Amino acid sequence: MTEIRLRPTFEITLPLPADIAVERMRVRLNEVDLPHCSAAAGRCIDLRVEEEVRKVWSPHLSIQLEDAPKGSTLYGRYAPHPEVWTFFMFLYFAAAFAVLLGGSWGYAQWVSGEPALALWAVPAGLLVIVAIHLAGAVGRRLGMEQMYTLRDRLERLLADL
């Protein structure tokens with residue numbers, strides 16, 4: 001069965017401590033000519049697709065490193081760009097709010113003997129939530145090639161660590 005996830009994640013165990021691994025990855029960012037489509041701060045690195053090929057559904061790869069008992073663990077997450085993700089979350093919370101408010105208000109209308117018109121917000125909000133998940137699946141499918149490109153860039157950064 002296919003997993004329904006809005007932001008796919010993965011982990012990689014590295015033999016080096018997190019600080020040393022991040023520093024070496026930063027050096028490699030300049031060596032493999034990726035500074036124009038990457039950003040690094042602290043133990044975090046973001047890999048993006050080039051502006052010329054970026055679409056609304058284009059992913060970016062967020063990488064974080066943490067110390068582990070034997071070296072470090074790299075956590076990677078594919079996600080839409082932050083402004084797209086913020087819009088998705090706004091719609092998601094608005095739909096959830098509509099479901100809760102519409103359900104409560106509709107129940108109050110129904111109990112008081114009035115027509116429970118507010119209950120229409122429940123299926124409408126649930127429909128929006130399903131549409132958000134479908135849009136995420138479509139975006140993931142459209143951006144699959146770019147996800148492989150980002151993963152290839154990560155593999156180049158991790159070479160010789």
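If you're wondering where the values come from, they're calculated on a predicted model, not measured in any experiment.
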Heavy-atom pair of closest approach, residues Val122 and Gly102
CG2-C, 4.1 Å

Same hydrophobic cluster for Phe90 and Leu127, using side-chain heavy-atom links shorter than 4.5 Å among ILVMFWY?
no

Pair listing, salt bridge (charged side-chain N to carboxylate O under 4.0 Å, His left out) test, anchored in residues 14-25, at least two apart:
Asp19-Arg43

Nearest heavy-atom neighbours spanning Gly106 and Ala116
O-CB, 3.5 Å

Spatial distance of atom CG (Leu65) from atom CD1 (Ile12) [nearest 0.5 Å]
9.5 Å

When every non-hydrogen atom of Val49 is compared with those of Ser58, the smallest separation belongs to CG2-CB, 3.8 Å

side-chain contact (heavy atoms from CB on, under 4.5 Å) partners of Phe97, counting only residues at least two apart:
Leu101

Backbone N or O of Pro17 within a donor-acceptor pair of the Asp67 side chain at under 3.5 Å?
no

For a quick test of reading the model, state the closest non-hydrogen atom pair linking Ala21 to Ser72 and the distance between them.
CB-OG, 4.3 Å

Only counting residues at least two apart or in another chain, list the ones meeting side-chain hydrogen bond (donor to acceptor under 3.5 Å, both in side chains) with Ser62.
Asp46

Say you draw a straight line from OH of Tyr92 to CH2 of Trp85; how long is it, rounded to the nearest 0.5 Å?
9.0 Å

With side chain to side chain donor-acceptor pair (under 3.5 Å) as the rule and sequence neighbours excluded, what pairs involving residues 112-127 come up?
none

Would you mind listing the cluster partners of Tyr75? Hydrophobic ones only (ILVMFWY), side-chain contacts under 4.5 Å, chaining allowed.
none

Which residues pass the ring-ring contact (aromatic ring centres under 6.0 Å, His included) test with Trp105, not counting sequence neighbours?
none

Qualifying residues under salt bridge (charged side-chain N to carboxylate O under 4.0 Å, His left out), relative to Arg151, sequence neighbours excluded:
Glu155

Does the side-chain contact (heavy atoms from CB on, under 4.5 Å) test come out yes or no for Val99 and Val128, once each step is laid out?
CA-CA 10 Å; Val99 168; Val128 169; over 6 Å; no

Can you name the side-chain contact (heavy atoms from CB on, under 4.5 Å) partners of Pro15, sequence neighbours left out?
none

Connected via hydrophobic side-chain network under 4.5 Å: Tyr148 and Leu142
no

Are the side chains of Met25 and Ile45 in touch, meaning some heavy atoms are under 4.5 Å apart?
yes

Side chain to side chain, Leu158 and Leu74, heavy atoms closer than 4.5 Å
yes

Just wondering, do Asp152 and Leu150 contact through their side chains at under 4.5 Å, heavy atoms?
no

If you take all heavy atoms of Arg26 and Ala41, which pair is closest and at what distance?
NH2-C, 3.4 Å

Apply the hydrophobic cluster definition, ILVMFWY joined by side-chain contacts under 4.5 Å directly or through others, and give me every member besides Leu100.
none

Same apolar cluster (I L V M F W Y, side chains within < 4.5 Å links), Phe87/Met89
yes

Going by the rule ring-ring contact (aromatic ring centres under 6.0 Å, His included), which residues pair with Tyr107 if we only count those two or more places apart in sequence or in a different chain?
Trp110

ILVMFWY network linking Met144 to Val138, side-chain heavy atoms under 4.5 angstrom:
no

Arg153 side, atom CZ; Gln146 side, atom CD - distance, nearest 0.5 Å
9.0 Å

Mind checking what makes salt bridge (charged side-chain N to carboxylate O under 4.0 Å, His left out) contact with Glu51, not counting sequence neighbours?
Arg54

Given the rule that I, L, V, M, F, W and Y join up when any side-chain heavy atoms are under 4.5 Å apart, are Met147 and Val53 in one cluster?
yes

Nearest heavy-atom pair of Ala98 and Ala121: which atoms, and what distance?
O-CB, 3.5 Å

By side-chain hydrogen bond (donor to acceptor under 3.5 Å, both in side chains) - contacts of Thr73 (at least two apart)
none

Nearest 0.5 Å please: distance from the CZ atom of Phe88 over to the CZ atom of Phe93.
14.0 Å

Please report the interatomic distance CD(Gln109) to CG(Leu119), rounded to the nearest 0.5 Å.
7.0 Å

Can you confirm whether Arg48 sits close enough to His81 that some side-chain heavy atom of one is under 4.5 Å from a side-chain heavy atom of the other?
yes

Please report the interatomic distance CZ(Arg77) to CD(Glu11), rounded to the nearest 0.5 Å.
10.5 Å

Parallel under 30°, tilted from 30 to 60°, perpendicular over 60°: which one fits the rings of Tyr78 and Phe10?
tilted

